Amino acid sequence: LRREEEEKEEEEERRRREAERQRTEDEADEEDRRRREAEQERAMGEQAARRQEEGERRREQVDEDERRREEEQAGPPAEADATEAMVDREGEAAQRAVQEVILRVSKATPETFDDLRAELEEVQQQHLAAMGPKADHVSKEAQRVLAETQKRIDDMKREEEMREHQVTLAQLVRPLGSPAPPQEIWDHVQETDAVMPGCKGASLAAAMEAARREDWPFAAYLAARTFKDEEKAGRDGAKALAAADERALNEMWWEMEPIVVEGVRGFDGLDAGKVLESWHLAPPRPATKKDPAVFAPKKAPKQPKDDITKVALDRRRASELRKLLSPATSHTFDPSLFRGALCGKLTFGGRYHVLAYPLMGDPNKVLLRPARRPVLPHVLLQTWGECLAGQCAKAGQWSFLRTLLGAGVPCPDLTQEFGGLCGSHPGVRRRWIQDLAAMEGEPTSLLTLAAAAPDEQAVVSVVDALQEAGELVDLQSIRAADGKPLLDALAKDGKWEAILRILKEGSKPNPWLGIGPVAEFVNSPFVAKAPPLVLEELREFARDEERFGVRARNVVEYFTRKLRGEMMDDRAIPIGYSKRDGVLQDRSGKIRILAVESRLSCVANAGVTALAFVSITEQDLDDCVKAVDSEKPALQVDLDGKLACTRDPSQEGCWLPVQCPATVVQAQLTSTTTSKREESRIRLPRGHHPWPYLASTTTRICVITQCCSEPLPDVIVHVNGRRGGASA
C-alpha cells in the first residue's frame, strides 16, 4: 500500500509540475496577448484622436466661412458693432489657440509632455488678455487636462519602470550564464518590489521546494518576495521565513512510522512519554515490580487480546495526526479520520514510545512510535531542513544563509531541529530529542557544517552571518563532525584564515563569540604545521590571553575565579555580558549583577561553600554600588529569606553574588494554580549576621625599575599559577 501510495503521489507530483509549467507558459502567452492588444488600442486611440482633431478643424473652417458670408450679406456694420465683433473674434481665436494646445497636451507621450506643458503655459500667458472673461474657464480646463495627463504619464512611467525591473529580475534569476548572488536578488526585490514574469504566487513552501530542487536563484527570489509581501501586509517577514516547512515535517513523520493501535481500553502503562514492550498490550494482570522506564515482568506475559488491531495509516491520515499533536496548529479532531482505514493484526515484538494516550480523547486508541535507532534515515535528516535557513546550511548555501540572517531571520538551532515533531508533551519531546541527538553524524551547529565544507570561506561566511545576526556562540561547546574541538579540526585542515578570523572576534571587548583557552590550542600538535606568520599571530593571541586572562564561560565561573583570588580583567567577562558602572548586565539590560563578589560571615566556619546569586531590588543594587565605591566593608542588605540560585541568573532583575555555606541555600517546592516549581532561598541560622561583607585588599606590591627605581604600575602578579593582581 505504501508503494502504491508513493507511486500515486509521484504521478500526481509529475502531473502537478507539468500543469504548473503549462500554466506558466499560458500566463506568459496571455501577457503577450494583452500587451499586443493594449498597443493596438493605443494606436487606434491615437488615430481616432487625429480624425477628431481634423474634423474639428474642418467644422471651425466651415463656421468661419459661414460667418464671413453672413457679414458680407449684412453689409458694413456700425463702428461700435464692428469693434465689438472684432474683440469677439480675437477672443475666440485666442481661445481656439489655447484649446488646440490643450488637445495636444491630452495626447502627449512621456517624451513630448514637458515640451507641450511649457508651450501651453506660454500660449496661456500670450492670450490671457485676449480671452477676456473666458480666461478663467480655459485656465481651469488646462489645469484639469495637465493633471490627468500627468497622472497618465506617471502611470506609464511606472509600468515601464516595472517592466524594466522585471526584465532585470529575470536576468538575475534566469541568466544565460552564472546566476546572480542571493543578496543581489534579495536587494533587487526589496528595493523595486518586482515580480518575476509568469510567477504570481510566492510562499515559503514554494521557496523550500525550489531549494530542494537546488534551484537556489529562484528560491532566493521566492524568499525575498514572501518577505516583501509579509512586510507590506503589516506582518513580520522574518518570522514567516523562519516557520517550519510542512512537507519536511510530514516527510519526517512518515519515515518515523507512527502507529495507531486500537482496542487498548483498560490497559496500564500507556502514559505519554513512557517506553514499553509490545507485550504490554495485554489484559491487566496482578501488579508486579516495574522499572520506571521499561515495564519488565517477572513472568511471561499473557497473550494479547484478539481485538487489538493496528490501524493502517496513509500519508493523509498520518499528516492529520501530526498536525493534531502540534501545539502551533489549531486543528480539531475529525471523528471520521479513521473511517474506512484498513485494520490488521498487531505484530508483537520490539519496544515502542507512547506519543499520545488517550488519542484525541478516545481511550480505545493509542499513538506509538518504534523505539529504534536511528529513528530517521541519515540521508533524509542530513539533506532536509526544518526551515529555509536550515535547508541552506545543510546544502552549503552560505551566502543565501547570510542573506536570510541579515534580514532578521532567526539563526536555526540544529540541536532542536524537528524537536517538536512528536508534540509538546515534555516526556515525549525529551525522548525524541535524545534519539535525534544520538544519530551519528548529526550536526550540532552551523559552524560544524561550515567546518566540514572544503572551502574555508564557508566558515568565514558563517562567522560574518552570526555576527550580523547578533547571535551568541560558545565555541567550547561546538565539536566538529569527527568529535574534535572546532579549532583543532580547522587547524588539521589548514584553514588558517578562518582560525584567525575566529580568534580576532573572540578577543574583542564584549565579544559575541567565546573561544576558550587559546594557549591550549596554540600548543596542540595541529598548530605546529601552521605557516610562520600565522604561527606568530597565534602566539600573540596566547600572550594576550596570558596578560588579560581566559574569558569565563559563564557568570558562575567568573565569580568563582574571583573568589579564589584571581584578578579578572574586563576581557574575562563571559560573552553576552558587559560591565558598566560596577554592574554586569546582559544584552537586554534586564539581568543586572553586582560586579563585586561578597561573602557571608559564616563562611569561615563552613565546610562546604557555594556561590549563590541572591535576588535584590533595584534600590538595594544602587546602595551596593555606592558602598563599593566608598570602600565600605559590608553591604547593608538583609539576605535572609531572599530568593537565590546557584546557576547563572535567568530571571529578570537584580542579583548579588555571595559566597555562603552550602547549607543555607535551601530548596523548596512552590505550587501555583497551574503548575509546581522548585525555588531556593537563603535561610540563615540564628545568630548569624545577614549582611554580606566585601573582600578587602591585604597586600600591595610595588614593582620598580633596576636603573632608576621608578614604579611600574599594572604589572601582572601571579599567585599559585593564578593572576592574583597588579602592581600599584
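Since the structure is predicted, the reported quantities are computational estimates derived from the model, not experimental observations. For reference, positions follow the sequence shown, starting with 1.
Distance alone, capped at 3.5 Å, places no donor-acceptor pair between the Gln434 side chain and the Arg429 backbone. A distance-only check finds no donor-acceptor pair linking the side chain of Ser424 to the backbone of Gly420 [under 3.5 Å]. Remark: side-chain polar atoms of Asp586 are not paired, donor with acceptor, to backbone N or O of Gly576 under 3.5 angstrom. A donor-acceptor pair under 3.5 Å is formed between the side chain of Glu545 and the backbone N or O of Ala519. In terms of modelled atom types and a separation under 3.5 Å, the side chain of Lys394 and the main chain of Trp384 share a donor-acceptor contact. A distance-only check finds a donor-acceptor pair linking the side chain of Lys562 to the backbone of Ala595 [under 3.5 Å]. Put simply, the side chain of Gln190 gets close to the backbone of Ala224: a donor and an acceptor are under 3.5 Å apart. For the pair Gln397 (side chain) and Cys392 (backbone), a donor-acceptor distance under 3.5 Å is absent. Put simply, the side chain of Glu417 gets close to the backbone of Glu386: a donor and an acceptor are under 3.5 Å apart.
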- [ ] Could you walk me through whether Asp464 and Arg501 pass the side-chain contact (heavy atoms from CB on, under 4.5 Å) test, one step at a time?
- [x] CA-CA 10 Å; Asp464 292 339; Arg501 177 61 190 279; 2.4 Å; yes
Task: side-chain contact (heavy atoms from CB on, under 4.5 Å) between Val459 and Ile502, intermediate numbers included - done: CA-CA 9 Å; Val459 180; Ile502 290 175; 4.1 Å; yes
Open item on the list: Could you go through Leu503 and Glu537, starting from their C-alpha distance and side-chain angles, then the distance that decides it, and tell me whether this counts as side-chain contact (heavy atoms from CB on, under 4.5 Å)?
Closed with: CA-CA 10 Å; Leu503 294 180; Glu537 289 193 51; over 6 Å; no
TODO: Give the C-alpha distance, both sets of side-chain angles, the deciding distance and a yes or no for side-chain contact (heavy atoms from CB on, under 4.5 Å) between Phe541 and Phe521.
DONE: CA-CA 11 Å; Phe541 282 117; Phe521 168 67; over 6 Å; no
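From Met208, atom CE reaches atom CG of Leu388 across 6.0 Å, with rounding to the nearest 0.5 Å. For the atom pair Arg580 CZ and Gln585 CD, the distance stands at 5.0 Å (nearest 0.5 Å). Atom-to-atom distance recorded for Glu540:CD and Glu536:CD is 7.0 Å, nearest 0.5 angstrom. Within the model, atoms CG of Leu486 and CG of Leu447 stand 6.0 Å from one another, a figure rounded to the nearest 0.5 Å. We find the CG-CG distance between Leu446 and Leu405 to be 7.0 Å, quoted to the nearest 0.5 Å. Annotation: the span from Leu466 atom CG to Cys411 atom SG amounts to 5.0 Å, rounded to 0.5 Å.
By the neighbour-count criterion of 12 heavy atoms within 6.0 Å, atom CZ of Arg543 is densely surrounded, having more than that number from other residues, nucleotides or ligands.
Salt bridge Arg247/Glu251: absent, no basic N to carboxylate O contact under 4.0 Å. Salt bridge status for Glu246 with Arg322: present, with a side-chain N to carboxylate O gap under 4.0 Å.
Closest heavy-atom contact between Ala318 and Trp254: CB-CE3, 3.9 Å. Nearest approach of Ala489 to Ala480, heavy atoms of both residues: CB-CB, 3.4 Å. Scanning all heavy atoms of the two residues, the minimum distance from Leu204 to Thr226 falls at N-OG1, 3.9 Å. The shortest non-hydrogen separation linking Tyr577 to Ile591 is OH-CG2, 4.3 Å. Between Pro217 and Ile185 the shortest heavy-atom distance is O-CD1, 3.8 Å. Nearest heavy-atom pair, Met252 versus Leu376, reported as atom, atom and distance to 0.1 Å: O-CD2, 3.4 Å.
Ser319 places none of its side-chain heavy atoms less than 4.5 Å from the side chain of Trp253. Looking only at side-chain heavy atoms (C-beta outward), Met256 and Leu355 come within less than 4.5 Å of each other. You'll find the side chain of Pro649 reaches within 4.5 Å of the side chain of Ile593, heavy atoms only. Counting heavy atoms from C-beta outward, Leu472 and Arg587 have side chains that approach closer than 4.5 Å. The shortest side-chain heavy-atom distance between Pro258 and Leu321 does not fall under the 4.5 Å cut-off. Leu436 places none of its side-chain heavy atoms less than 4.5 Å from the side chain of Thr415. Put simply, the side chain of Phe613 reaches to within 4.5 Å of the side chain of Val556, judged on heavy atoms. With contacts defined as side-chain heavy-atom distances shorter than 4.5 Å, the pair Leu487/Phe526 does not qualify.
With sequence neighbours excluded, the residues satisfying ring-ring contact (aromatic ring centres under 6.0 Å, His included) with Phe227 are Trp186. Applying the side chain to side chain donor-acceptor pair (under 3.5 Å) test to Glu6 and every residue at least two apart in sequence or in another chain returns nothing. Scored by the side chain to side chain donor-acceptor pair (under 3.5 Å) test, Glu468 finds Arg402 as partners (sequence neighbours excluded). Not counting sequence neighbours, Glu471 has no partner by the side chain to side chain donor-acceptor pair (under 3.5 Å) test. Taking the ring-ring contact (aromatic ring centres under 6.0 Å, His included) definition, one finds that His425 meets it with nothing, sequence neighbours left out.
In this structure, a donor-acceptor pair under 3.5 Å is absent between the side chains of Arg315 and Asn250. Gln457 and Glu497 share a donor-acceptor pair across their side chains, judged by distance under 3.5 Å alone.
Screening Arg551, Arg479, Arg553 for a salt bridge (Lys or Arg N to Asp or Glu O under 4.0 Å) with Asp474, the sole residue that qualifies is Arg553.
The salt bridge (charged side-chain N to carboxylate O under 4.0 Å, His left out) analysis of residues 445-459, with sequence neighbours excluded, yields no pairs.
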